[in-house]
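Everything quoted here is computed from the prediction, not taken from an experiment. Order of appearance sets the numbers: ligands from 1, and atoms from 1 within every ligand.
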Amino acid sequence: MTIDAVFVRSAAHAGDLPRDGLAEIALVGRSNVGKSSVINALVRRPLARTSAAPGKTRLANIYRVIRGEGSPFYLVDLPGYGYARGGDAGEFEALTRAYFDRVGQAGRVGQAGKNTEVSYPPDLADPPALAALLLVDARHPGLASDRAAWAWLLRNVAACAVAATKIDKLARGERIRALRELESVHETSVLPVSAVTGEGLDELWKLIDRLQPSNRPPRPLSNSSPPPPRGTEARAHRRRRSSSSRRSRT
Ligand code: GDP
């Protein structure tokens, strides 16, 4: 399958984010978790700058991708979190919050019903169709910042999923333990990937396809069968419903 991918720009403010209404998949994760490496591995070329020194990027890097005969969409590499004080999603960059505020607006259309008044920025032609992929380091399951980020995404983003990076660094027994713990902590299936060996990349493309609005199954999205435990679905659904009704009142 051909993959056409170009770097569009680095966005420092919400105003620099895409405005053409194409689908967007945002990559979220701690600094150094391997977001740039995953992007490069997915598009099979060194488009994104990788770095051994964590915590430098304060910009959202935007890539436009066309895969095979598919529709174009954006991969958006959001600023990494995890190197500020504390350990909750409060440390998300302002840019990340602004980014997902647009997601919230898109999510509202489906969640609040067609009679609910929805407002968009006046210069935004179409509401963007957005989704989030949380990347967590397979070697460090259950970090407070990752848990908080996932909880925040479940409340604020219409479609999201989790993948575990650097799986090549774990021996067989360790990876089984780590994945089990990750799935238990995040209460959803977690896809193991490696930018170094290429493991999991085909499945990650499939997951990205499923995150795109035109391909989404009824929420909540799970990244593999079997589906997540029922308790997860119910809780996630309740959280989304309550955040949707909160949003629709604004
Ligand atoms: P970002 O800050 O999240 O964009 O992280 P980078 O993609 O820059 O990666 C941070 C460091 O982890 C770099 O030294 C990468 O070479 C390394 N890295 C990223 N992905 C993998 C992986 O799948 N396996 C291994 N072994 N190292 C990785």
Side-chain angles (χ1 to χ4, degrees), residues 3 5-12 17 24-65 74-84 87 89 91-97 99-100 131-150 152-153 160-179 181-182 186 190-208 211 223:
I3 297 172
V6 291
F7 170 70
V8 178
R9 65 181 163 275
S10 291
L17 294 169
E24 299 177 28
I25 309 287
L27 275 75
V28 180
R30 302 176 87 233
S31 302
N32 219 35
V33 71
K35 287 187 286 131
S36 313
S37 302
V38 161
I39 290 173
N40 289 340
L42 282 170
V43 304
R44 301 187 205 131
R45 75 199 69 160
L47 264 190
R49 262 206 1 227
T50 60
S51 165
K56 292 220 175 97
T57 310
R58 290 288 171 260
L59 302 168
N61 293 312
I62 302 162
Y63 306 89
R64 190 173 189 274
V65 179
Y74 293 112
L75 278 178
V76 180
D77 182 4
L78 289 172
Y81 57 82
Y83 283 84
E91 68 186 63
F92 270 176
E93 290 289 311
L95 181 56
T96 298
R97 290 173 171 278
Y99 179 85
F100 284 118
L133 179 64
L134 176 68
L135 297 185
V136 296
D137 191 321
R139 296 167 303 172
H140 307 297
L143 293 176
S145 55
D146 287 337
R147 298 161 77 127
W150 180 238
W152 194 90
L153 291 172
C160 39
V162 187
T165 61
K166 308 189 187 182
I167 195 69
D168 59 282
K169 293 205 176 198
L170 295 183
R172 184 179 289 267
E174 294 172 325
R175 57 182 285 163
I176 292 170
R177 264 197 305 281
L179 283 171
E181 192 173 341
L182 279 167
H186 294 294
V190 173
L191 176 68
V193 300
S194 166
V196 168
T197 65
E199 178 178 349
L201 293 179
D202 288 345
E203 291 82 357
L204 187 57
W205 270 124
K206 286 185 195 138
L207 179 57
I208 287 172
L211 281 169
N223 61 23

With R147 via salt bridge (Lys or Arg N to Asp or Glu O under 4.0 Å) - residues at least two apart: none

Under 3.5 Å, is there a donor-acceptor pair between the side chain of K35 and the main chain of L135? no

Only heavy atoms of G34, strictly under 4.0 Å: list the atoms of ligand 1 that pass. 1 (P), 3 (O), 5 (O), 6 (P), 7 (O), 9 (O), 19 (C)

Nearest 0.5 angstrom please: I208 CD1 to L201 CG, how far? 9.0 Å

Examine the side chains of N61 and S10 and answer whether a donor and an acceptor come within less than 3.5 Å of each other. yes

Considering both backbone and side-chain atoms of S36, is one of its nitrogen or oxygen atoms within less than 3.5 Å of a nitrogen or oxygen in ligand 1? yes

Which of these, R139, K35, K166, has its nearest heavy atom closest to atom 28 (C) of ligand 1? K166

Using non-hydrogen atoms of the residue, decide whether S194 is closer than 4.0 angstrom to ligand 1. yes

Part of D168 within contact of ligand 1 (heavy atoms, under 4.0 Å): side chain

Taking only heavy atoms of A195 into account, list the atoms of ligand 1 that are under 4.0 Å away from them. 20 (N), 22 (C), 23 (O)

Counting only nitrogen or oxygen atoms and a 3.5 angstrom limit, does N32 reach ligand 1? yes

Can you tell which of A41, A164, S31, S37 gets a heavy atom nearest to atom 16 (O) of ligand 1? S37

Looking at residues at least two apart in the chain, or sitting in another chain, which of them share a side-chain contact (heavy atoms from CB on, under 4.5 Å) with V196? D168, S194

Under 4.0 Å from one or more heavy atoms of V196, ligand 1 contributes atoms 22 (C), 23 (O), 24 (N), 25 (C), 26 (N), 27 (N)

If you compare all heavy atoms of R172 against all heavy atoms of R175, which two are closest, and at what distance to 0.1 Å? O-CG, 2.9 Å

If I take atom CG from residue L143 and atom CH2 from residue W150, how far apart are they, to the nearest 0.5 angstrom? 15.5 Å

Flag I167 as yes when one of its N or O atoms lies below 3.5 Å from any N or O atom of ligand 1, and as no otherwise. no

